[in-house]
Asker: 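Below are the structure tokens for one structure; questions will follow.
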There are 2 protein chains.
Amino acid sequence: MGRRRPGTPTLEEVAARAGVGRGTVSRVINNAAGVKESTRRAVQQAIAELGYVPNLAARSLAGRRADAVALVMTEPDWRQFAEPFFSEIVTALGDAVADTGLQLLLTLVRSDAERLRFLEYARGGRVDGVLLMSVHADDPLPDMLAEARMPTVLLGRRSAEEYVSYVDADNIGGARTAVGHLLDQGRTAIATITGPADMYVAQCRLRGYHEALELAGLGGKPSWIAEGDFTEESGRRAMARLIERHPEIDGVLAASDTTAAGALQALRAAGRRVPEDVAVIGFDDFPLARRTAPPLTTVRQPLEEIGRAMVRLLLEEMEEPSVAWRHVILRTELVLRESA
Amino acid sequence: MGRRRPGTPTLEEVAARAGVGRGTVSRVINNAAGVKESTRRAVQQAIAELGYVPNLAARSLAGRRADAVALVMTEPDWRQFAEPFFSEIVTALGDAVADTGLQLLLTLVRSDAERLRFLEYARGGRVDGVLLMSVHADDPLPDMLAEARMPTVLLGRRSAEEYVSYVDADNIGGARTAVGHLLDQGRTAIATITGPADMYVAQCRLRGYHEALELAGLGGKPSWIAEGDFTEESGRRAMARLIERHPEIDGVLAASDTTAAGALQALRAAGRRVPEDVAVIGFDDFPLARRTAPPLTTVRQPLEEIGRAMVRLLLEEMEEPSVAWRHVILRTELVLRESA
DNA sequence: GTGAAAGCGCTAACAT
DNA sequence: ATGTTAGCGCTTTCAC
């Protein structure tokens, strides 16, 4: 494949035209200190006249860095990407990266072939670091990157023993706060609809639920726990089952807003009023809190801060490679709306 | 910023270990012909033993190509990205690029600063070509890329005089077919809800509407045309106005499925049965055809083919830079569902 | 079929 | 403050 347009002026030609050495031109285009103002101006004029643009491959080769980071989406079902959560976290990361001088590159990894292609790309030095989101527990990519000593930060953990650097929301604390809020309202029959048992995020949210109840001296019966899978349908089914077996239920913590939306529907179908009879709180994964009826009270994850924290950790790893794994867990926030 | 891990083996070390010259190793890793099978195997073993990974910066510099293409989203409101249309076209492009050996890199361009940053990135040779989607009529990026002689392909046109290479759906033909279908049903009072008048895609769809009516010898009153902006809300309002002024309306072409969804709601609110009293067809921009009640008959854009065509054009431009602008207009398809 | 050598365009260390 | 020089790791002739 014969690519690349010819005739692009080089740094050498700029230097010749400006009547200076190559080193000086390099200093000017990199905004390095120690260049006389007049020289700098002469160089800049030569650059403008020639329409010079630095060759990034040459810069990478000599400077041993790419000035770019990748945001990898390992989601086989790319349709998930249509969820607001994705676009919001991408926005947050874009903002966080904006004033670092780094290019943010999103890449899809949907198959093993693409996994390998990306790994070559990253190991080949085209990016200085990698941000990973929506990583499944069995995804080998984080380990592959770690083994290649590529600075990497995950959004969320794969398990309690995650060793790759990550930023996560305080799911345990969030669940505890949510249940605490229900308890404060005097509700005592509090059920929960969980996420898939094999996902760490779901385990944490369930654990927070347990802890809050125990703190209040309430045991919480096992049959008040229904497993869902974050989908609306699973929320409907789980809630219907719960309310049938335990008509006394007056509060529900759902593992996601989607599940919560399903729960709301099931409650209404069962003739319950929300929040008068039953209060519902969900985790704000796919922000649809305001789209439900009634608007959903949620445990909100601070996406902007998550984005900033991820970029900060990544920059640290890039500065000082593999000194340690870095972990940040961000506080969640209870956003009260009509459902609780 | 001190980046890059050291100790990465180079091609030279591989050559030494395999007892061959560097040229031979290069041939092997590039699958070039003319290497004895035994030599090739020896080299591959050395590569495996050393864990060698080619340095992509060096390859780019020597080979004058990046083996990567960018997909740029110039959408200031990145939230739009949550639309299914985006994720589906991204999937299609990802598939189309998958077996070309190119890395597909998505990048956000939401501000002038990001526009410049990306331009430097592209002109700096980090990508061999650029795919642009959701380009607004006044976006200067396509012109900037064209001026830099960077192979570029747009999804959709900015105007009738688009000169940068593009792939578009046959919006005129699609509208004509849709209206033709309504006429075939014996409907004669056919209204339309357009998109923003300053968007080329909306102009085309309106033109197809006109042409179909004229072909049938029906004039079509100006007051049967209501301007919307692709949103559901605009569809509701426009339809309410239309049905109030012209109760005889028995068919509607909406410029998008979102608008059509709004129209359906307004029709029901006005007591009309769909499709018995009024038939509705919308363009399938943000595929929600099956989510409406009744399911929406649509003019569907062939996203897979659009993706393939875009990549094909881009590869052509990369082979043979700026010989000519290339344009492809893909047939649309009428998908009948209950609303018409 | 394979090795040697000449760059690709830049950064960074070292002179001056 | 600025010029000079030595690579960065690869591809690609050109000999052999």
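No hydrogens, no waters, no symmetry mates; every other heavy atom, side chains included, goes into these values. In what follows, chains are A, B, ... by sequence order, proteins preceding strands, each numbered from 1.
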Asker: Residues in salt bridge (Lys or Arg N to Asp or Glu O under 4.0 Å) with Asp99(A), at least two apart?
Answerer: none
Asker: Just grab all the salt bridge (Lys or Arg N to Asp or Glu O under 4.0 Å) pairs involving residues 53-63 of chain A, residues at least two apart or on different chains.
Answerer: none
Asker: Mind checking what makes side chain to side chain donor-acceptor pair (under 3.5 Å) contact with Asp143(A), not counting sequence neighbours?
Answerer: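 Arg158(A), Tyr163(A).
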Asker: Enumerate, atom names and distances included, each donor-acceptor pair closer than 3.5 Å involving a side-chain atom of residues 34-47 of chain A, sequence neighbours excluded.
Answerer:
unit_1	atom_1	unit_2	atom_2	d
Thr39(A)	OG1	Lys36(A)	O	3.4
Arg40(A)	NH2	Ala32(A)	O	3.1
Gln45(A)	NE2	Glu49(A)	OE2	2.9

Asker: With heavy atoms of chain A within less than 4.0 Å as the criterion, where does contact along DNA chain D begin and end?
Answerer: dA1(D) to dG9(D)
Asker: Using distance alone, with no hydrogens and no angle criterion, decide if Glu317(B) and Thr152(B) have a side-chain donor and acceptor under 3.5 Å apart.
Answerer: no
Asker: With Glu316(B), which residues qualify under salt bridge (Lys or Arg N to Asp or Glu O under 4.0 Å), at least two apart?
Answerer: Arg312(B), Arg326(B)
Asker: Among residues 33-41 of chain A, which residues get a heavy atom nearer than 4.0 Å to DNA chain C?
Answerer: none
Asker: Using a cut-off of 4.0 Å between protein heavy atoms and nucleotide atoms, how would you tag nucleotides 8-16 of chain C 5' to 3' with B, S and -?
Answerer: BBBBBB---
Asker: Looking at Asp128(B) and Arg65(B), would you say the former's side chain and the latter's main chain have a donor-acceptor pair under 3.5 Å?
Answerer: no
Asker: Wobble G-U and Watson-Crick pairs count when both distances are under 3.5 Å; given that, what is the 5' to 3' dot-bracket string of DNA chain C, with | for pairing to other strands?
Answerer: ||||||||||||||||
Asker: Tell me, please, which residues at least two apart from Arg115(A) pass salt bridge (Lys or Arg N to Asp or Glu O under 4.0 Å).
Answerer: Asp112(A), Asp139(A)
Asker: Of all residues at least two apart in sequence or in a different chain, which pass the side chain to side chain donor-acceptor pair (under 3.5 Å) check with Gln103(B)?
Answerer: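 Partners of Gln103(B) by the side chain to side chain donor-acceptor pair (under 3.5 Å) criterion come out as none, since no residue qualifies.
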Asker: Check salt bridge (Lys or Arg N to Asp or Glu O under 4.0 Å) between Glu120(A) and all other residues, then give those that pass, not counting sequence neighbours.
Answerer: none
Asker: What I'd like to find out is whether the side chain of Val135(B) reaches to under 4.5 Å of the side chain of Leu141(B), using heavy atoms alone.
Answerer: no
Asker: Can a salt bridge be assigned to the pair Asp95(B) and Arg110(A) using a cut-off of 4.0 Å between side-chain N and carboxylate O?
Answerer: yes
